[in-house]
Amino acid sequence: MELHILEHSLKVASIEKEGIQICTHGLIKLAFLASKTRCKFFSLTETPEDYTIIVDEEGFKELPQSEHISVADATWLALNVVSGGGNASSSQPIGVTKIAKSVIAPLADHNISVFMLSTYQTDFILVRERDLPMVTHTLSSEFTLFRVINGETVAAHDLGVTNGFVKPKLVPRPIIHPLSSPSNMFCVTSLDPDTLPSVATLLMDVMFYSGGPKEPGASGEDSTHIRFFSFSLIEGYISLVMDEQTAQRFPHNVLFTSASGELWKMVRIGGQPLGFDECGIVAQISEPLATADIPAYYISTFKFDHALVPEENIQSVIVALRTKSTAQ
Amino acid sequence: MSGSKPDILWSPHHPDRYVICDSELGLYRIGPVCSAETKPGSLPLSEETAATLLAINSDTPYMKCVAWYPKQEPECLLAVGQANGRVVLTSLGQSHNAACKELVGKEFVPKHARQCNTLAWNPVDSNLLAAGLDKHRADFSVLIWDISSKFAAETGVAAEKSRLPPMDLDSGTTVTKPLYEIGQNDACLSLCWLLRDPKLLLAGMHRNLAIFDLRNTSQKTFVNTKAIQGVAVDPHFHDRVASFFEGQVAIWDLRKFEKPVLTLTEQPKPLTKVAWCPTRTGLLATLTRDSNIIRLYDMQHTPTPIGDETEPTIIERSVKPGESQIGSFAWHPSSQNRMVVVSAANRAMTDFTVFERISLAWSSTSSLMWACGRHLYDCMEESAEGAERAAEKDIATKMRQRAQSRYGHDTVQVWRNHLLAGGNDPQLKSLWYDLFYILQWSAEDAELKLPGNKQSLYSGIKNIVKSSSGKEVSSRRCWIGSERQTDVPRYHSEERSLALRLCGWVSRGSDIDVETFLRSLEQEQEWERAAAIALFNLDIRRAIQILNRGLSSSPAGDLNLNVVAMALSGYTDEKASLWREMCSSLRLQLKNPYLCIMFAFLTSEPGAYDAVLYESSIAVRDRVAFACMFLSDAQLPRYIEKLTAEMKDAGNLEGLLLTGLTKDGVDLMESYVDITGDVQTASFCMLKGSPGEVLKDPRVQCWIENYRNLLDAWRFWHKRAEFDILRGKLDPSSKPLAQVFVSCNFCGKSISYSCSALPHQGRGFSQYGVSGSPTKSKVTSCPGCRKPLPRCALCLMNMGTPVSNCPGAGKSEEKADLTRENKLAKFNNWFTWCHNCRHGGHAGHMLSWFRDHTECPVSACTCKCMQLDTTGNLVPSDSS
């Protein structure tokens with residue numbers, strides 16, 4: 001297995017819903033006019049609370065300074081697991097489940113806080129830049145490490161710092177945050193970048209106008225219905241996460257759908273904002289899923305975390321996680 | 001390819017069909033323009049060819065890539081990769097036979113939709129179709145489909161999970177289970193099957209190139225690189241692969257896969273297509289975005305594999321098929337170097353052939369060869385006969401003939417060399433006469449003055465005239481045989497008479513007497529020239545006499561001579577006479593330049609002789625001599641200067657009289673060689689007459705070396721040896737020092753030179769004329785330690801040759817005693833040995849051994865000594 005440390009220096013920011021109009025210019029540029037910026041990593045996730053932006057330093061320049069925007073003070077690096085050998089035989093479970101044991105659990109054991117971003121194409125594990133020596137040290141035994149420098153992949157060496165690392169504490173990880181499961185179903189999809197202009201207005205509508213405070217009545221009808229939309233444009237690849245109703249607004253044949261047309265249900269983690277320092281949250285969720293061999297997507301936002309699991313598995317997931325949290 | 005970016009594919013089996021795909025597929029047939037002219041809808045592609053649209057297929061939207069089925073049957077079956085990752089088989093304009101019907105419409109659907117970037121049919125197992133897709137977190141990016149698979153059994157299982165409308169998976173034409181899945185969680189941007197093994201697939205993945213082996217899909221050979229687009233195997237060299245990234249093409253050798261063996265010069269715009277020419281080895285065509293040219297890289301002469309040190313030779317050039325920007329191009333699969341280009345904007349197509357660079361080679365024997373494409377042309381010089389044809393002959397032929405006739409080797413009667421050269425080149429004639437007079441003068445000069453005096457170096461009339469003391473002695477002389485006083489001033493000085501001598505007009509001596517020269521001219525029947533010179537010496541009577549003699553000697557009777565003689569006799573110095581008037585106007589009608597200048601002289605004002613001095617068909621020597629007689633000290637150097645410059649520019653060898661064999665002379669010779677290529681004359685001439693420092697001029701050395709190489713190339717080895725001997729005589733500094741010595745196995749000293757250093761017993765005998773054993777024993781043992789020299793492998797005798805030339809050898813009578821035969825050891829007795837096996841013997845024995853054998857005469861040695869010597873089998877083509 002190869003672990004690639006990507007060259008993007010990432011910022012994680014939150015834009016309040018009320019402040020979104022001052023940022024739309026920059027966001028539209030980042031999302032739809034990729035050729036006009038030098039940004040290579042852009043992700044926007046809308047939750048009922050806020051908009052979470054993950055963007056590289058080039059892209060960050062496009063955003064204005066405002067009291068509506070809060071930025072996590074750390075710089076983040078993205079890690080990406082590539083199955084170098086390509087073990088074709090085993091049909092591995094999708095997403096974070098696959099890397100739960102190999103990446104997420106060891107990082108949690110070493111008290112390294114991670115920020116997850118799953119996309120249609122791959123999973124990005126964001127770690128703080130200052131944690132990098134610890135990360136490489138932790139993962140070098142399991143992975144061949146590569147660093148991407150100026151687009152060239154070069155072998156990264158363990159930085160050789162072994163002193164001062166605390167021994168991992170191998171303790172069971174109970175789930176400590178409250179969980180909720182909204183009723184709507186989601187699809188994770190993508191589209192051909194060439195067709196992006198044709199659906200740009202629709203996407204803008206979905207991003208900036210569909211949700212918001214003008215539909216409190218709608219959410220009142222179904223209190224467990226959640227407003228959640230994610231768009232990312234990373235190294236030329238587009239990934240979209242949206243609920244079923246939103247997906248139906250897109251023209252036929254534009255969105256990539258899997259052959260089985262699977263749908264996903266969400267598990268939302270956290271009763272109050274989780275912050276960036278607590279570690280082990282992803283591990284708490286992904287480990288039981290990995291044990292149960294259930295595929296999942298995991299999207300962290302500024303305030304809460306979101307896991308997506310296949311709809312047919314949602315009940316068993318809830319049961320499994322509940323037992324985990326009550327077992328303590 | 002979507003919408004704006006078209007692509008072209010040639011049919012793998014029909015040399016006249018190709019498909020253009022942009023938003024739809026269009027099948028075209030290409031044919032000669034005349035037959036298509038009548039038909040409407042034919043599109044001209046070039047002056048000779050036109051295309052006809054045969055069929056259009058627009059069944060497959062969102063096309064991303066297309067690949068043509070490689071087998072003959074069913075023809076025109078295309079695989080189309082779509083934006084959602086599906087691969088559809090479709091067909092164009094064919095009567096759907098059974099095999100085709102079964103396949104057309106078949107769809108291959110990946111588990112997760114994403115763009116299909118590339119498609120590649122396996123060239124051997126044509127059921128296998130590889131598709132390269134974009135990245136998906138949980139899916140594979142390289143899917144290899146078996147097109148013959150009978151719609152996967154588990155479609156039912158999949159459909160159960162599926163929420164897609166059932167129509168999408170109807171009728172069992174959809175295959176969802178690939179034969180192989182490779183490259184999990186990665187993107188595949190380009191694919192090609194390796195020709196060296198049909199089980200190997202080369203894929204340009206995200207940030208690496210990987211070779212997958214279908215026999216073990218969990219293994220891959222890969223190299224991290226950015227150049228992952230457009231992988232293509234060289235059809236002529238199966239280990240060579242091209243790929244690109246943005247503007248840069250990388251060439252890989254699969255045997256040395258760690259890094260590219262070559263990277264081509266980066267283009268400012270990103271590349272869009274790279275393709276090896278299928279009909280010509282090592283030719284790669286590349287296309288960049290928004291460009292109207294196709295760049296070609298010729299790697300034919302690039303060594304493979306490329307070493308680390310060698311700088312590879314790649315010839316880069318570009319072709320411009322038209323003015324419009326090129327969308328795509330495709331090499332014709334069989335027509336040599338032919339391609340069709342489609343424009344980016346309006347599907348306008350151009351059919352054109354890339355012309356091969358012509359490589360040309362002159363042989364040293366004046367035949368010319370050139371190669372163009374697959375044709376080789378040989379151009380031989382016609383065997384010219386007759387003198388006038390000889391002048392047109394190639395200089396190489398001339399030089400070769402002259403070398404055979406020992407041109408340049410007559411060092412005593414130097415002027416005879418022009419006869420050796422064929423005697424029909426006026427420039428050479430004048431050159432060798434000049435040299436003759438010059439050498440004669442400097443020999444006399446050396447006699448008169450102290451040896452080693454610098455003055456004896458000939459530096460040309462130009463310098464002689466310049467150094468003229470300024471004493472202007474002019475005299476008005478009478479016309480010889482008449483009482484009339486001329487008004488023509490004639491100048492005298494020591495330098496002027498020296499110049500006249502060098503021009504050959506007067507011979508040695510203080511008095512100016514041209515009679516000897518006139519007689520020699522008469523002998524050579526140069527009547528006009530003789531008459532003119534007589535006239536310039538103010539002897540009209542003699543001139544008329546000469547003309548009369550000329551008239552009587554030639555049986556045909558040149559009427560001109562007669563008329564001129566008559567006209568001359570009527571000479572009057574009256575300024576306004578009718579004679580003068582008529583002569584000056586009618587003289588221009590005279591064909592012979594000498595006759596013409598005679599009247600020019602008689603009719604011009606004193607000191608204004610331009611009509612004589614600038615008559616270019618008059619020999620330079622005569623003009624210079626004339627100038628020395630009649631131009632004043634002010635006029636003369638100016639005229640000489642001007643004439644010298646003129647001669648230098650024209651590379652006229654007659655000018656050497658003026659420049660001498662100085663640096664100026666080398667300049668003149670340089671332009672002569674530039675014009676004629678005659679390094680032979682240049683070498684000989686410079687060797688003959690030049691002082692040492694002029695010979696050191698790199699140009700002179702270059703001519704000499706080139707002439708030697710030329711002699712070698714003609715296999716005129718004896719001539720070259722002769723030339724080297726001559727060169728060593730004339731230019732002692734050119735003698736190479738001995739660089740190779742044969743050393744004794746025992747004492748390590750050279751066996752050739754030490755004989756004089758050590759007194760030898762045998763020598764004492766020979767001094768007294770006692771011949772026999774002591775002398776013989778001497779040559780077969782080392783003169784240093786007297787141990788025996790090695791034995792000949794054939795006759796088993798100790799080798800050794802009589803020492804030919806002992807430096808500082810004793811008495812002179814001993815030297816004189818030696819005849820030519822004795823002095824030089826016979827070649828048959830020379831030492832020879834093989835540098836490979838170190839066995840050897842007498843040269844004569846060895847030569848006769850290898851006439852019948854290929855292996856070394858020493859038993860158990862299998863060295864093929866003679867075959868290792870590449871020049872050993874050549875024979876000299878000169879016989880002397």
Side-chain angles (χ1 to χ4, degrees), chain A residues 1-2 4 80-99 118-124 146 148 150-155 187-195 234-239 244 252-263 295 297 310 312, chain B residues 1-5 61-62 64 82-86 109-115 134-142 155 157-165 168-169 174 176 178 180-187 205-208 210 212 216-220 222-226 245-246:
Chain A
M1 296 275 270
E2 293 171 10
H4 291 217
N80 187 15
V81 174
V82 177
S83 52
N87 322 346
S89 50
S90 63
S91 66
Q92 287 172 324
I94 296 175
V96 275
T97 324
K98 187 178 69 182
I99 54 174
S118 295
T119 66
Y120 186 74
Q121 289 83 15
T122 191
D123 296 297
F124 295 101
F146 289 97
V148 180
N150 294 327
E152 298 277 9
T153 310
V154 293
C187 55
V188 183
T189 182
S190 175
L191 54 84
D192 182 356
D194 293 345
T195 60
I234 297 166
E235 293 176 356
Y237 289 110
I238 295 168
S239 172
E244 210 183 355
H252 184 63
N253 258 341
V254 166
L255 297 180
F256 292 165
T257 48
S258 62
S260 54
E262 61 218 354
L263 288 173
Y297 289 89
E312 63 267 26
Chain B
M1 203 187 303
S2 56
S4 61
K5 259 177 66 190
Y62 315 112
K64 283 287 167 185
Q82 291 175 303
N84 57 9
R86 291 176 176 227
V109 184
K111 256 191 251 135
H112 294 94
R114 58 249 137 94
Q115 183 170 316
D134 259 346
K135 194 168 172 177
H136 185 272
R137 54 193 279 125
D139 208 348
F140 298 88
S141 59
V142 180
T155 10
V157 187
E160 172 194 301
K161 254 178 92 177
S162 159
R163 258 162 298 258
L164 292 174
D168 263 21
L169 288 168
T174 307
T176 55
Y180 299 98
E181 297 174 305
I182 325 171
Q184 196 173 26
N185 193 8
D186 208 342
M205 308 297 279
H206 185 61
R207 294 214 182 97
N208 65 72
F212 297 106
N216 179 6
T217 49
S218 64
Q219 291 297 310
K220 66 173 181 183
F222 73 102
V223 56
N224 285 319
T225 175
K226 278 196 276 190
F245 163 72
E246 289 181 355

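A note on names: the letters A, B, ... follow the listed sequences, proteins ahead of strands, and every chain is numbered from 1. Computed from a predicted model, the values in this text were never measured in an experiment.
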Euclidean distance, A:Leu191 CG relative to B:Arg114 CZ, rounded to 0.5 Å: 15.0 Å
If you round to the nearest 0.5 Å, how far is CG of A:Asp192 from CG of B:Asn84? 9.5 Å
What heavy-atom pair brings A:Tyr237 and B:Ala187 nearest, and what distance separates the two atoms? OH-CB, 3.1 Å
What closest approach, in Å, do B:Asn224 and A:Phe146 show between heavy atoms, and which atom pair accounts for it?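 Minimum heavy-atom contact is ND2-CE2, 3.4 Å.
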Set out, in order, the CA-CA distance, both residues' side-chain angles and the distance that settles salt bridge (Lys or Arg N to Asp or Glu O under 4.0 Å) for A:Glu235 and B:Arg207, then state yes or no. CA-CA 12 Å; A:Glu235 293 176 356; B:Arg207 294 214 182 97; 3.5 Å; yes
Please flag which part of A:Ser239 lies under 4.5 Å from any non-hydrogen atom of chain B: side chain, backbone, both or neither.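 No part of it gets close to chain B.
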Checking heavy atoms, do the side chain of A:Val188, its backbone, both or neither come under 4.5 Å from chain B?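 For A:Val188, no heavy atom lies under 4.5 Å from chain B.
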As a test of understanding, state which of B:Lys135, B:His206, B:His112 forms a side chain to side chain contact (heavy atoms under 4.5 Å, CB included) with A:Gln121.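 Testing each of B:Lys135, B:His206, B:His112 against A:Gln121, the sole residue satisfying side chain to side chain contact (heavy atoms under 4.5 Å, CB included) is B:Lys135.
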Quick check on B:Tyr62 against chain A: is it the side chain, the backbone, both or neither that has a heavy atom closer than 4.5 Å? side chain
